[in-house]
Every structure is written in structure tokens, then in C-alpha cells.
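Below you'll find the structure, written out as C-alpha cells, and then a few comments.
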Amino acid sequence: RSLLQAHLESFIAAGGEHVLLVLGHSKEVYQAELPWLQDRAKLPQEIKNLSIDMVINPDPDRGQFSSLSCALTFLSTETTPNIFISPIDVPPAPVSLWVELDEALTQNNFAAVIPTFKQRGGHPFVLAETMVKTLLSADRDSRLDTILKNTSKVYRLETNYSSITKNINGPKDLVDL
């Protein structure tokens with residue numbers, strides 16, 4: 001089972017129905033290793049009911065914000081008012097975290113909810129439609145962290161999940177999960 005599949009299974013278990021994958025660097029490697037990215041008939045049974053779209057970031061050298069911009073441009077905020085963001089190089093989120101993030105956003109008037117562990121921000125996080133509109137109008141060379149720091153309605157949800165602050169940079173990091 002791939003790391004991507006583990007992310008998707010956690011999202012589905014929390015009630016997630018639609019995923020947009022943004023590929024950039026090494027897109028050919030992902031497409032070769034995960035044939036279901038191009039052929040739904042090859043989807044693993046555990047994620048068969050998930051609606052999956054894929055976009056290619058034509059300029060991934062511009063950084064992560066360019067991938068986020070590609071995703072937000074593709075998505076319709078009319079049908080997807082809250083958007084969860086999770087990079088692939090982090091551990092899959094516990095099912096309960098997806099639920100806590102969604103509840104915090106939908107029960108309040110926040111622009112975004114970012115999980116924290118010992119006051120350190122992590123992933124995944126969730127954006128409300130108002131924040132999506134702000135990001136879509138941002139300069140293409142913007143940084144998400146800077147925009148979020150300058151937004152008053154960003155809620156930092158303290159959790160007990162230390163994994164939200166970890167990055168996966170190589171095989172050793174996978175063992176340490």
C-alpha cells in the first residue's frame with residue numbers, strides 16, 4: 001500500500017468524498033507507480049468510492065503555493081466550500097483529526113483551521129471558502145504561511161497528534177511513523 005493510498009483511506013474513513021491530486025516534480029514516477037491515477041478500473045478496493053481528480057502543476061519550481069493555486073483554480077468553491085490541504089510528504093492524518101478540523105471550521109466563522117501540536121502547526125489543515133477566495137486573488141509568488149499569519153480568522157487547533165508536525169523525507173522517516 002502506498003503512502004498516498006494510506007492518506008486517501010484515512011480521508012475516506014472520515015467521510016471524505018472528493019480528492020484533487022496536484023502533481024508536479026516526478027509526475028511521471030507517480031503515474032508509473034500508481035496506475036490507478038490514469039485508469040480508475042485499477043483503483044484499489046479501499047478507495048474505489050472516492051472521486052479523484054488530478055491536475056499537473058506546470059511550474060512546480062515556483063514552490064508549494066503554485067501547486068495550491070493550481071488546485072484552488074481547478075476546484076469550484078460553490079460545490080466544495082471547505083477544502084482540506086495535505087501534502088504527500090507527511091504522515092497520514094488520523095481519522096479523528098479530519099473530523100475535528102471539519103467541526104471546528106463548520107461550527108465557527110473561521111477562514112482556516114490549522115492543527116497544532118505543542119503550538120507547532122501541522123497538516124492537514126482546512127480552508128473555508130472565504131480563504132480560498134483570498135488565496136485565489138493572491139500574487140503568484142505569495143507564501144501561504146505569510147497569508148495565514150496576516151489573516152485574523154485563522155484558528156490554531158491544539159491536538160495530541162505529534163505526527164502532524166512530521167515530514168517524510170526518506171525511508172527512515174517512514175520507519176519512524
Side-chain angles (χ1 to χ4, degrees), residues 2-27 30-31 34 36-40 43-44 46-90 92-93 95 97-115 121-155 157 164:
S2 68
L3 182 59
L4 176 57
Q5 184 175 333
H7 277 275
L8 297 177
E9 288 174 11
S10 172
F11 187 64
I12 290 169
E17 298 173 352
H18 181 246
V19 168
L20 175 64
L21 303 173
V22 180
L23 300 180
H25 290 294
S26 306
K27 65 181 176 276
Y30 283 100
Q31 291 169 328
L34 303 167
W36 52 266
L37 287 175
Q38 301 200 33
D39 183 357
R40 278 199 66 81
L43 271 171
E46 298 82 3
I47 59 175
K48 280 239 188 261
N49 294 328
L50 190 62
S51 170
I52 302 174
D53 287 310
M54 180 176 58
V55 295
I56 305 297
N57 179 351
D59 194 9
D61 290 329
R62 284 189 22 240
Q64 288 183 336
F65 190 75
S66 68
S67 290
L68 178 59
S69 295
C70 286
L72 298 179
T73 299
F74 180 87
L75 294 171
S76 164
T77 57
E78 293 173 28
T79 59
T80 317
N82 300 338
I83 297 174
F84 290 90
I85 308 294
S86 183
I88 190 62
D89 63 345
V90 298
V95 172
L97 178 59
W98 294 108
V99 174
E100 289 175 40
L101 291 169
D102 186 54
E103 287 175 353
L105 191 73
T106 56
Q107 294 174 5
N108 299 284
N109 191 24
F110 298 125
V113 179
I114 302 168
H123 295 92
F125 57 91
V126 62
L127 305 173
E129 183 177 6
T130 56
M131 180 54 77
V132 170
K133 289 179 180 176
T134 298
L135 295 174
L136 284 170
S137 65
D139 182 71
R140 63 181 246 137
D141 295 318
S142 298
R143 289 187 46 99
L144 179 61
D145 58 344
T146 302
I147 294 170
L148 292 173
K149 284 178 189 169
N150 293 318
T151 302
S152 62
K153 293 193 171 206
V154 174
Y155 179 65
L157 176 69
I164 66 166

What are the two closest heavy atoms between Pro92 and Leu3, and how far apart are they?
-> CD-CD1, 3.8 Å

Gap between atom CG of Asn82 and atom CG of Leu101 - 0.5 Å precision | 10.5 Å

Point-to-point distance, once rounded to the nearest 0.5 Å, from CG of Leu8 to CD1 of Ile12 | 6.0 Å

Just wondering, do Phe110 and Val126 contact through their side chains at under 4.5 Å, heavy atoms?
-> no

Verify, without hydrogens or angle tests, whether Thr73 (side chain) and Cys70 (backbone) share a donor-acceptor contact under 3.5 angstrom.
-> no

Got more than 12 heavy atoms from elsewhere within 6.0 Å of CG, Asn49?
-> no

Check whether any side-chain heavy atom of Tyr30 sits under 4.5 Å from a side-chain heavy atom of Leu21, and report yes or no.
-> no

Taking side-chain contact (heavy atoms from CB on, under 4.5 Å) as the test, write out the residues that go with His123, two or more places apart.
-> Pro87, Val90, Phe125

Just grab all the salt bridge (charged side-chain N to carboxylate O under 4.0 Å, His left out) pairs involving residues 13-24, residues at least two apart or on different chains.
-> none

Listed partners of Ser10 passing side chain to side chain donor-acceptor pair (under 3.5 Å), at least two apart | Trp98

Atom pair NZ (Lys133) and OG1 (Thr130), whose distance is rounded to the nearest 0.5 Å | 8.5 Å

Heavy-atom closest contact (Leu105 atom, Ala111 atom, distance) | CD1-C, 4.3 Å

Just wondering, more than 12 heavy atoms not from Lys153 lying within 6.0 Å of its NZ?
-> no

Rounded to the nearest 0.5 Å, the CG atom of Asp102 sits from the CZ atom of Phe84 at a distance of 4.5 Å

With a 3.5 Å cut-off and sequence neighbours excluded, list the donor-acceptor pairs that the side chains of residues 55-69 form with protein atoms.
from: Asn57; atom 1: OD1; to: Asp59; atom 2: N; distance (Å): 2.9
from: Asn57; atom 1: ND2; to: Ser66; atom 2: OG; distance (Å): 2.8
from: Asn57; atom 1: ND2; to: Ser67; atom 2: OG; distance (Å): 2.9
from: Asp61; atom 1: OD1; to: His25; atom 2: NE2; distance (Å): 2.9
from: Arg62; atom 1: NH2; to: Arg140; atom 2: O; distance (Å): 3.1
from: Ser66; atom 1: OG; to: Asp59; atom 2: O; distance (Å): 3.4
from: Ser66; atom 1: OG; to: Gly63; atom 2: O; distance (Å): 2.5
from: Ser69; atom 1: OG; to: Phe65; atom 2: O; distance (Å): 3.0

What distance do Ile164 atom CD1 and Leu97 atom CG have between them, rounded to the nearest 0.5 Å?
-> 6.5 Å

Here the gap from Thr151 atom OG1 to Met131 atom CE, rounded to the nearest 0.5 Å, amounts to 3.5 Å

Any idea which heavy atoms bring Lys48 and Leu43 closest together, and the distance?
-> NZ-O, 2.9 Å

Of the non-hydrogen atoms in Leu23 and Gln31, which two are nearest, and what is the gap between them?
-> CD1-CG, 4.2 Å

Residues two or more places apart in sequence or in another chain: which of them pass side chain to side chain donor-acceptor pair (under 3.5 Å) with Glu9?
-> Arg1, Gln5

Which residues share a side chain to side chain donor-acceptor pair (under 3.5 Å) with Asp145, sequence neighbours left out | Arg143

Checking side chain to side chain contact (heavy atoms under 4.5 Å, CB included) for the pair Leu144/Ile85: CA distance, chi angles, key distance, verdict?
-> CA-CA 11 Å; Leu144 179 61; Ile85 308 294; 5.6 Å; no

Which residue, Ile83, Leu75, Ile52, Leu50, forms the side-chain contact (heavy atoms from CB on, under 4.5 Å) with His18?
-> Leu75

From the list Leu135, Ile147, Thr134, side-chain contact (heavy atoms from CB on, under 4.5 Å) partner of Ser142 resolves to Ile147

Are any of the side-chain heavy atoms of His7 and Val19 separated by less than 4.5 Å?
-> no

